[in-house]
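Each chain gets a letter, A, B and so on, in the order its sequence line appears, and its residues count up from 1. Since the structure is predicted, the reported quantities are computational estimates derived from the model, not experimental observations.
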Protein chains: 2
Amino acid sequence: MTDGRALKHVQVREYVRSLVTGCAPGSPAPSERELVHRFGVARMTVRQAMDALVVEGLLERIPGRGTFVARPRRTASKITGYTEEMNRRGLLAESQTLLARREQAGPGVARALSLSEGDAVIHWRRLRRADAKPMCLEDAYLNEVLLPGFLQSGMPTSLYDALESRGLRPTWAEDSITADKATTEEAALLEVEAGASVLRHSRRAIAGEKVVEVSRTVYRADRFTLWVQLGQES
Amino acid sequence: MTDGRALKHVQVREYVRSLVTGCAPGSPAPSERELVHRFGVARMTVRQAMDALVVEGLLERIPGRGTFVARPRRTASKITGYTEEMNRRGLLAESQTLLARREQAGPGVARALSLSEGDAVIHWRRLRRADAKPMCLEDAYLNEVLLPGFLQSGMPTSLYDALESRGLRPTWAEDSITADKATTEEAALLEVEAGASVLRHSRRAIAGEKVVEVSRTVYRADRFTLWVQLGQES
DNA sequence: TAGTGGTCTAGACCACTAT
DNA sequence: TAGTGGTCTAGACCACTAG
């Protein structure tokens with residue numbers, strides 16, 4: 001547990017973290033001077049450890065009283081892909097690949113992926129089902145340079161899992177959402193009437209500095225409501 | 001500028017902030033030891049000041065090299081109201097109040113506002129225009145207890161400005177978005193054909209621990225695309 | 001009054017970077 | 001080699017809270 005080579009403030013921090021995780025908000029953490037004695041370190045070292053946990057939102061200090069487990073912060077929506085999102089809603093996510101091939105980027109996709117026109121991209125079109133019924137139709141474009149051998153390695157169910165395993169989990173996304181009516185082609189695939197309401201969702205997903213995914217998805221409006229949490233509390 | 005009573009680490013922090021705001025990312029900040037000499041304080045005090053600016057995202061440290069102005073972080077979408085949002089898009093926001101009165105909360109509104117059924121709420125319905133043409137129809141419900149005299153004080157153009165002036169600027173919002181077709185009543189007000197595509201946007205806006213606004217807005221899909229930025233970088 | 005967190009000092013050694 | 005940030009010590013005084 002306690003690695004002798006670990007930095008002292010890290011040792012103290014992780015000791016306190018293990019003590020308080022799971023404790024109810026408002027539970028007291030050890031006092032700084034108690035930790036000074038327990039670890040035989042200077043108080044500044046303990047403060048450095050506690051500071052990190054306070055910044056992280058795990059603890060809060062109350063001057064004159066002590067340090068306590070903080071009420072969990074509300075956090076903005078996590079960036080999720082389809083599979084994760086449907087699982088969160090208690091639905092079974094399935095996908096049927098309609099198209100998966102190497103293409104040359106057109107002007108729109110090239111700009112969105114921060115590439116040059118004609119650069120190699122992976123175009124992946126899927127009909128995605130939730131509890132066996134059509135939910136959406138997704139066209140994803142990926143930068144092939146970032147995903148060598150992706151098409152050959154057998155397509156995964158979850159793109160975001162595949163990205164995560166390559167260290168490309170998106171940390172930032174720019175989404176646009178609009179309402180429209182299904183085209184006849186879309187309607188046929190989604191098993192709705194032509195002209196039925198659909199939600200169009202475009203995403204530009206970024207990992208670090210790299211644009212890893214650009215996608216356009218059309219959702220059946222009768223089956224899908226988009227939820228977004230904004231802001232950062234406390 | 002420098003208040004003699006101010007804490008030393010605050011003095012140092014604000015001195016550094018004033019030096020580097022406006023500087024290009026990558027510009028060097030003063031070294032810690034330079035600030036030690038300039039202010040005649042201990043190095044830990046300088047580090048406390050710099051730590052705050054690093055946490056804030058203004059500076060970044062590079063071990064062995066120095067401290068530099070950080071690349072501005074991408075931040076998740078700010079929680080904005082209609083007026084702000086339209087101004088950001090370069091459109092002139094105008095509103096026409098269709099209804100503004102005290103009501104008793106129904107079950108849905110009461111639950112959303114964390115009130116009891118029958119509690120007093122303010123119901124404010126507006127037809128909102130952008131560049132003189134109808135953009136959306138908004139029904140906002142406000143907790144009257146939090147906004148004493150709101151109805152009597154003359155309705156503002158921007159609800160969010162009014163909330164901000166009372167210290168109730170939302171810091172957290174839960175939005176849901178869906179696609180639909182306009183009802184005949186909505187179509188008439190929005191000046192579109194009945195059955196035209198619309199985007200329905202519901203919001204529950206929270207300031208601190210209090211739910212300050214619950215609203216349902218129906219946007220003309222031909223005029224409005226919702227943009228959302230998610231995640232927190234660096 | 002005893003304990004808490006908030007602030008601050010005046011040093012120290014280390015690994016790393018740049019010249 | 002000189003300078004940087006990273007870590008750490010062993011104290012100190014303060015304002016505040018609680019018993």
**Study point:** Under-4.0 Å salt bridge between A:R166 and A:E164
**Key:** no
Whichever of A:H9 and B:M50 has the more 5' nearest nucleotide on DNA chain D, that residue is B:M50
### Query
Thinking salt bridges, do A:E56 and A:R73 make one under a 4.0 Å N-O criterion?
no
Taking B:R216 first and then B:E138, would you say they form a salt bridge - that is, a charged N and a carboxylate O separated by under 4.0 Å?
no
query: Using 4.0 Å as the upper bound for N to carboxylate O, is an ion pair formed by B:R203 and B:E213?
result: no
Rounded to the nearest 0.5 Å, the CD atom of B:Q104 sits from the CD atom of B:E144 at a distance of 11.0 Å
Is the A:F39 to A:Y15 ring centre distance short of 6.0 Å? yes
Double-helix bend of the helix from C:dT1-D:dA18 to C:dA18-D:dT1, axes at both ends from 5 pairs, round to 10°, gives 0°
Handout entry: B:E84/B:R169 ion pair, N-O < 4.0 Å
Key = yes
message = I want to check one thing: is the phosphate of D:dC16, taken as OP1 and OP2, less than 4.0 Å away from some side-chain N or O of A:R65?
response = no
Chain A vs DNA chain C, heavy-atom contacts under 4.0 Å, first-to-last nucleotide span, 5' to 3', is C:dG3 to C:dC8
- Message: Between A:R126 (side chain only) and A:T157 (backbone N and O only), is there a donor and an acceptor less than 3.5 Å apart?
- Response: yes
